[in-house]
Amino acid sequence: MIEIAFFSLSILAVIFAILVITAKNPVHSVLFLVMTFFSIAGHFVLLNAQFIAVVHVIVYAGAIMVLFLFVIMLMNLNKESEPAKPLWLKLSGVITSGLLLLVLTAVFRKTVDKTAHVLPNPDIGLVKNLGMTLFNDFLLPFELSAVLFLTAMVGAVFIGKVKAGN
Amino acid sequence: MNYIYIFTGLGVVSLFLGLLEKEKLIKYLTGFVLLISLGIIFTLDEKGSYFNQMLLADDLVNPMLKVLLFLGLCHFILFYNTGEEFKLPTAEYTALFCFILVGAIVVTLEFNLVMLFLGIEIISIGLYIIAAGNIQDEKSREASLKYFLMGSFSTGIFLLGITFIYGVTGSFLLSDIKTVSSGIPEGSSPLLLLGTLLILSGLAFKASAVPFHFWTPDVYQGSPTHVTAFMATLVKASVLFAFIRLFNQAFLVTSQTWQNSLWLIIALTVTLGNVTALYQTSFKRMLAYSSIAHAGYMLMGVLVPEDPSYKSILFYALSYSLASLTLFGIYFLLEKKGKADALESFRGLAKQNPELAVLAAISLSSMIGLPPAAGFFAKLNIFTQAFINGYTLLVAIALITSLIGAFYYLRVIGLMFKMDNSVEKIHVGLPFRLIVWVQVILLIVFGIFPALIQ
């Protein structure tokens, strides 16, 4: 049962991901990305990490994708035309990413782990446990990410002010 | 650790003071806090690990913190009234400056991959933004966007490396990674190898080592000069400190793999950096390529075992940063006089401004590695250590390329002392003059008494 769910979710995720980069229309592309995020959220549920699954849907599929759609619509990018790129650029892109794919596949083939692992605590992904870890072991990174977001926010104000000043 | 609190707080306070439009107060406060924390760090040697070994301050990294804070202070005073010239919002600029300093401190003290990632992100995001400080200039916009796109891509690669390492070792802690990976025979875990190489590439991008250096010349040239000076000195030094901590504390066991890759990266970096710098006509581009080359020399320190490598990288980073800050400062004065970003702008500087020309010449000779200045001992330390540890060919390459490098530095010195065409008299403010003199005197003092820094 779980295997059926896993494989159907995986196939869906891969298909939607391919559609994201092949779709000519940016709006379609964004919508396919939303679908990809949903299938990945399904994977998180299968791993008993409900909190991450929900956050993934709310933040990525919800907030970020809505922003994407707004930007595309406001900038009027939903044209089907795209400037043609030179052939050598496409070729070098194909070669380098192909090499990366080759290395990654080889590495994962060699590291397939057939032994069954039992987690010491199967509920590790639930909100309570996650919160305990986050506010005990990872308190400092959690607080410092606030500095990171503050930097980004101040940055937006900075660029806005620099623009307004001129 | 306390410095993280201090500078985060300072950033937030300066934002609030910006609300009250107390711009002068922000500047004095920042300078004062930098000075005080520098005083504290030299009197109190704070040691220990914090928050479940997220950060670790010990005898090896404490001197690096001192260097970072000192460079921060020098940079702040040298460019303290840049804001008005570029019409930058003072409060926001100071806040970003403080946050980047926090990132640099985190990166230097990191003992956990999560902290390393966070620190690097804080630094990078801050830099993407202040690189666009001169936004009406197309080059500045281009620099910011280019840095942002390439930087976020490299962060992705870096993050992938961290996940692979976590997958193999089950921990983010550097000491745990070392313990677990030492139980794995070399080459038998491809995932560990790949993770190490991806982390190496991610960090090499931030340190602008050669296969990942393409952003450097454009970003250094396009950004406002004070931002370039910041990137080339404080930020570069902190990334190299992170490099050495990570690779000495975590990956010693998988050494052969990353050492070979790092060997190749260094050989390419010193060669390409120095050779390309020869052909530059823009001063900032030349310094960008020279900073690529110097990153290569500093990376040579990562190859050798723990104790000497910390000291030699520290010495090199300090001497390079002092010289670099002085040069950027003097170039900044020329830029304010409306001079173009070209080597020719330095022609005849010595006629009306002998003081500036002499200071610049000493800094340039430190960069070449001529004996009276600190650059000589910095290079000597690094090369000797690498030679003792059996990297003969690499040392040979480094020596030849630093000879090549001497040409383009000497060309600037030659141009400055040509008397045919003079740069008009430049007014130098007191704080600027003080800091530049302090930097150059330190260069000479460390060059004559290198033992001071041990």
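The sequence lines fix the lettering, A, B, ..., with proteins before strands; numbering per chain opens at 1.
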Please state whether the side chain, the backbone, both or neither of [X] comes within less than 4.5 Å of a heavy atom of chain A.
X: B:V168; value: neither
X: B:Y128; value: neither
X: B:I130; value: both

| said: So, taking the atom named NZ in A:K161 and the one named CD1 in B:I135, what distance separates them when rounded to the nearest 0.5 Å? | reply: 14.5 Å
| field | Nearest-0.5 Å distance, OG1 of residue A:T111 to CG of residue B:L192 | value | 11.0 Å
Determine whether more than 12 heavy atoms belonging to other residues, nucleotides or ligands lie under 6.0 Å from atom [atom1] of [X].
X: A:F108; atom1: CZ; answer: yes
X: A:L89; atom1: CG; answer: yes
X: B:Y166; atom1: OH; answer: no
X: A:L99; atom1: CG; answer: yes
X: B:F212; atom1: CZ; answer: yes

| note | Taken in chain and number order and not counting sequence neighbours, the residues that satisfy side-chain contact (heavy atoms from CB on, under 4.5 Å) with B:L194 are A:V103, A:L104, A:V107, B:F164, B:L198
| query | Within a strict 4.5 Å, meaning less than it, do heavy atoms of the A:D137 and B:F51 side chains meet? | reply | no
| query | Can you name the residues of residues 39-55 of chain A that have some heavy atom under 4.5 Å away from a heavy atom in chain B? | reply | none
Acceptor/donor pairs from residues 138-160 of chain A side chains to any protein atom, 3.5 angstrom cut, sequence neighbours excluded:
unit_1, atom_1, unit_2, atom_2, d
A:S145, OG, A:P141, O, 3.3
A:S145, OG, A:F142, O, 2.6
A:T151, OG1, A:V147, O, 2.6

Ignoring hydrogens and angles, write down the donor-acceptor pairs under 3.5 Å from the side chains of residues 114-124 of chain B, residues two or more places apart or on other chains.
unit_1, atom_1, unit_2, atom_2, d
B:E121, OE2, B:T155, OG1, 3.3
B:S124, OG, B:I120, O, 2.7
B:S124, OG, B:K206, NZ, 3.3

